[in-house]
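Computed from a predicted structure; not experimentally measured.
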2 protein chains.
Amino acid sequence: MTELLESGPARGTAPSVRWSTDRCTIHQGDALAVLASLPSDSVDALITDPPYSSGGMVRGDRMGSTTGKYVTTGRAVADVPFAGDTRDQRAYGYWCALWLSEALRVVRPSGLAILFTDWRQLPTTTDALQAGGWVWRGIVPWVKPAGTYRPQAGRFAAQCEYVVWGSRGELPVRMGIDPTFSGFFHGRTPRDREHIAQKPLDVMLELIRIVPPGGTVLDLFMGSGTTGVAAVAEGRRFVGVEVVDHYAATAERRIRAAMGDAVPGPDGQTALLLDDGDPG
Amino acid sequence: MTELLESGPARGTAPSVRWSTDRCTIHQGDALAVLASLPSDSVDALITDPPYSSGGMVRGDRMGSTTGKYVTTGRAVADVPFAGDTRDQRAYGYWCALWLSEALRVVRPSGLAILFTDWRQLPTTTDALQAGGWVWRGIVPWVKPAGTYRPQAGRFAAQCEYVVWGSRGELPVRMGIDPTFSGFFHGRTPRDREHIAQKPLDVMLELIRIVPPGGTVLDLFMGSGTTGVAAVAEGRRFVGVEVVDHYAATAERRIRAAMGDAVPGPDGQTALLLDDGDPG
DNA sequence: CCTTGCGATGAATCCATAT
DNA sequence: GATATGGATTCATCGCAAG
C-alpha cells in the first residue's frame, strides 16, 4: 500500500504530490490512486464533497460537457424515473464504496467520515459508507437560503443538501461540536464561486471544528479547495486530492492565500508559483 | 380486490369501517387488509407516518413492546403500545414496499405519497417507495426545536425527521405548495400528546394543503389521527386506518372534535358515541 | 409581574455484563 | 467470539413552583 511513497521523488514524496508544507499537502491525481499512497491511520477525518452524480444518471448525460452536466443536474435528475437509472446509481455506489473502503484504512480508528450529498444520492451514499466499512451515525441537513437553488412551481424545492457522517468503528470520544450547534447547517452558496459545487466557507468552518486542533483533514475531491481553506484557517493540517489540473491550481492558490503566503499580483504571477508540482 | 366491499355490511361498507361520514371514514384493521378493500384511483394523496422500526443496531433492540422501547424516563407517554414496530431492516423495507405497492393502486394517477421517517430508515423508505412503483421526488426535513430531542455531548444530534415524497407516475400539475414555503418544516412535538409519535398539527396542516381543496387524503397508520384532524380542518376528505383499538378510538374522537360534532362532556360520555363501529 | 430554581422530558445511544 | 440484555447517560428546554 505504501509502495508509492518509497518509489516517489526525494523526501519520500508520492509522485502525485503537487505542493506540500508541514500544514498542507495537495495531490493531483485520481482519488483511488492517491489513497493507495497514503499511510494508514494518518488522518483524523475525511471531509469531502464527491461529485454527486459521477457523470449523470444515464449514459447520455455522461457524454455531455461538465459544465452543462452539472448546471442542469437539479432538474434533470429529478425527472429521471428510477427504473432507468438503476445501473448508473449502482455504479456510483460501487465507486463510492471503493474509495470509502480505502479511506477507512487511511483514517485512524474512531476517526470520522463526513460526506456531502444531495437528496437523490443520499441513500446510495449511506449504503456506500456502510459498504466501505464505516459505521453510519447520522444525517445533518444543510439548508440553502432562497435564491441559491432552483425552485419548482408548486413543488417542494430541493432546498437542502445533506451531510452524511460516520466513524471508523466505535466513537468513544467527544467530537468538537459546539454545544450551541443548531442541528442543521445554514450557508449561502458563494456568489463568486470558482467551482460549480463550491461550499460556503461558514459551513466548512463549522465542520472543521469537529476535528481536534492540530488534527489532519483529508479531502479526496477538493474542487476549489474550500475544505482546505477552512482547515488551515482553523489550525488543522490538510491533505487534499483533486484530479483536474485547473481545480488543483485553484485550490492551491486559495489555500496558500488562507495560509497567508500567497503571492500578491495578477493571476499569471500566482500561477507561476503553482507549477512546482507535477500535474501528471 | 373490491370483494370485501361487496360482502360487507349494508350501504356497501367494508367490515373494517369503524365510523363514516361524507367527509371522513375511519377503518380499524391492518393496513394491508383495509387497502385491499379500497377502490382504485379513489384518493389524491397518501400521507402517513408508518412505525419506524428504528431504535437499535441489533434486532433485539427492536423487539418487544414499543412502550418499553421508547419511554425510558419518567411516566409513559402512552401506556398502550403501538403495532408494527418490531421489524428488522430487511423486513421493514419489504413490508413498506407491500403496502406502498397496494396504495399505488388506490391513489389516482399523478397522486402523491408523503411518508414520515427518521434518519436511520430514510434510505430504506426511499427504496421501498420506489419498489412499490412510485416515482421518488424528494425529501423535506422536519427540524425539531431544541428540547424536543435527545442531544448527545459532542455529536450531531438526531434533530430532524424527514418527509419522503413521490408521485404515482408523472406529475404534470402543480401541487398546492405555498410559494413562500421555506423548504423544510419546523414544528414542536406536542407536549400533551396521546401517541408517542404524534406529529405537530402545524406540520400536518402544511402538508395537507398540497392536496386540492375537496380532495381525499389517506393515512394508513393514523395513530392519534393528526393527519385526519388537519385534513378535515382544511376542508379535505379523509380516509384513515389504524389497527390498535385504543388509537382508532383516539383518532376518531380527535377528528370528530375537529369536525365540530364532538359531544361535550367527560370521556365516558364521548366513549359511548364511539361505539358505533365494530373493533373486529 | 418578573426572575430563579428544580424536576421532567425526549420515535436514543452507548457500554459493560451475561448468555 | 458474537449476540443479547440492562442500566447509565445525554443536555437544552419547558412547565411550574417559589421567591
Side-chain angles (χ1 to χ4, degrees), chain A residues 109-110 112 134-140 165-184, chain B residues 48-89 92 95-96 115-125 141-164 185-200 203-204 219 221-227 242 244 247 250:
Chain A
S110 293
L112 301 174
W134 296 81
V135 178
W136 175 35
R137 294 193 178 268
I139 300 171
V140 184
W165 70 285
S167 65
R168 177 178 165 182
E170 293 182 0
L171 187 52
V173 295
R174 293 189 172 201
M175 300 162 8
I177 295 191
D178 189 325
T180 64
F181 175 68
S182 65
F184 55 96
Chain B
T48 198
D49 179 27
Y52 294 172
S53 290
S54 244
M57 296 300 292
V58 297
R59 190 163 187 272
D61 285 347
R62 300 190 188 89
M63 307 301 280
S65 86
T66 46
T67 308
K69 185 163 71 173
Y70 290 126
V71 180
T72 57
T73 59
R75 68 181 174 81
V77 169
D79 292 333
V80 182
F82 60 101
D85 199 58
T86 57
R87 298 174 176 87
D88 68 20
Q89 195 136 43
Y92 179 75
W95 172 72
C96 287
L115 313 172
F116 281 83
T117 187
D118 68 355
W119 69 271
R120 198 181 285 280
Q121 297 292 14
L122 175 54
T124 303
T125 302
W142 164 35
V143 182
K144 292 188 267 192
T148 61
Y149 58 91
R150 208 177 289 245
Q152 290 187 273
R155 298 188 181 197
F156 296 116
Q159 183 164 1
C160 295
E161 292 186 25
Y162 298 90
V163 174
V164 169
F185 298 110
H186 273 287
R188 172 176 300 278
T189 38
R191 190 153 284 270
D192 296 325
R193 58 193 197 275
E194 307 196 47
H195 188 284
I196 192 162
Q198 190 168 328
K199 295 289 174 284
V203 172
M204 294 312 296
D219 184 351
F221 309 96
M222 272 197 299
S224 54
T226 306
T227 309
E242 169 60 47
V244 178
Y247 293 121
T250 301

Value in whole Å for how far the P atom of C:dG10 lies from CD of B:Glu161
13 Å
Please determine whether a side-chain nitrogen or oxygen atom of B:Arg191 lies at a distance below 4.0 Å from atom OP1 or OP2 of C:dA8.
no
B:Gly84 to B:Ser53 - nearest heavy-atom pair and separation:
O-OG, 3.7 Å
Counting any heavy atom closer than 4.0 Å, what does B:Pro145 reach on the DNA or RNA strands: base, sugar-phosphate only, or nothing?
nothing
Minimal non-hydrogen separation, B:Ala157 against B:Pro151, with atom names:
CB-CA, 4.0 Å
Ranking D:dC14, C:dC15, C:dA11 by distance to the side chain of B:Ile196, first place goes to C:dA11
With the side chain counted from C-beta on, respond yes when B:Pro200 and B:Trp142 share a heavy-atom pair under 4.5 Å apart, and no when they do not.
yes
Describe the nucleic acid contact of B:Phe82 in one word from base, sugar-phosphate, nothing, applying a heavy-atom distance below 4.0 Å.
base
Would you say A:Trp136 and B:Trp119 make side-chain contact, with heavy atoms under 4.5 Å?
yes
Which nucleotide, C:dA11, C:dC15, D:dT10, lies nearest any side-chain atom of B:Arg150?
D:dT10
Which dot-bracket string fits DNA chain D when only Watson-Crick or G-U wobble pairs with both atom distances under 3.5 Å count, crossing pairs get [ ], and | stands for a partner on a different strand?
.||||||||.|||||||||
Given C:dT13, is OP1 or OP2 found less than 4.0 Å from the side-chain N or O atoms of B:Trp119?
yes
Could you check whether B:Ala197 gets within reach of a base, just the sugar-phosphate, or nothing at all, counting any heavy atom under 4.0 Å?
base
Between OH of B:Tyr52 and P of C:dG10 the distance, given in whole Å, is 15 Å
For C:dA11, does OP1 or OP2 lie under 4.0 Å from any side-chain N or O of B:Lys144?
yes
Any B:Arg120 side-chain nitrogen or oxygen under 4.0 Å from OP1 or OP2 of C:dA12
no
Can you check whether any acceptor in the base of C:dA11 is under 3.5 Å from a donor in the side chain of B:Asp49, or vice versa?
yes
Could you check how far CD of A:Glu170 sits from P of D:dA2, rounded to whole Å?
13 Å
Any chance you could lay out the side chain to side chain contact (heavy atoms under 4.5 Å, CB included) test for B:Leu122 and B:Val164, step after step, and finish with the verdict?
CA-CA 8 Å; B:Leu122 175 54; B:Val164 169; 3.3 Å; yes
Measure CZ/B:Arg193 against C1'/D:dC14 and give the value in whole Å, please.
13 Å
Would one find a side-chain N or O of B:Arg155 under 4.0 angstrom from OP1 or OP2 of C:dC14?
yes
Nearest-Å distance, CZ (B:Arg188) to C1' (C:dA11)?
17 Å
Centroid distance below 5.5 Å plus an interplanar angle below 30 degrees: do B:Tyr149 and C:dA12 meet both conditions?
no
With rounding to the closest Å, how many angstrom separate the C1' atoms on C:dG10 and D:dA8?
16 Å
Please give, in whole Å, the distance from D:dC16 C1' to B:Asp192 CG?
13 Å
Compare all side-chain heavy atoms of B:Pro50 with those of B:Tyr92 and state whether any distance is below 4.5 angstrom.
yes
N/O (side chain, A:Arg137) to phosphate O (OP1/OP2, C:dC14) under 4.0 Å
yes
Ranking D:dT13, C:dA11, C:dG10 by distance to the side chain of B:Pro151, first place goes to C:dG10
Under the rule for side chain to side chain contact (heavy atoms under 4.5 Å, CB included), what residues qualify as partners of A:Ser167, not counting sequence neighbours?
A:Leu112, A:Val135, A:Arg137, A:Leu171
In whole Å, what is the span from the CG atom of B:Asp88 to the P atom of D:dA4?
11 Å
Would you please classify the geometry between the B:Phe82 ring and the B:His195 ring as parallel, tilted or perpendicular, with 30° and 60° separating the classes?
tilted
Rounding to a whole Å, what distance do you find between A:Ile139:CD1 and C:dA12:C1'?
15 Å
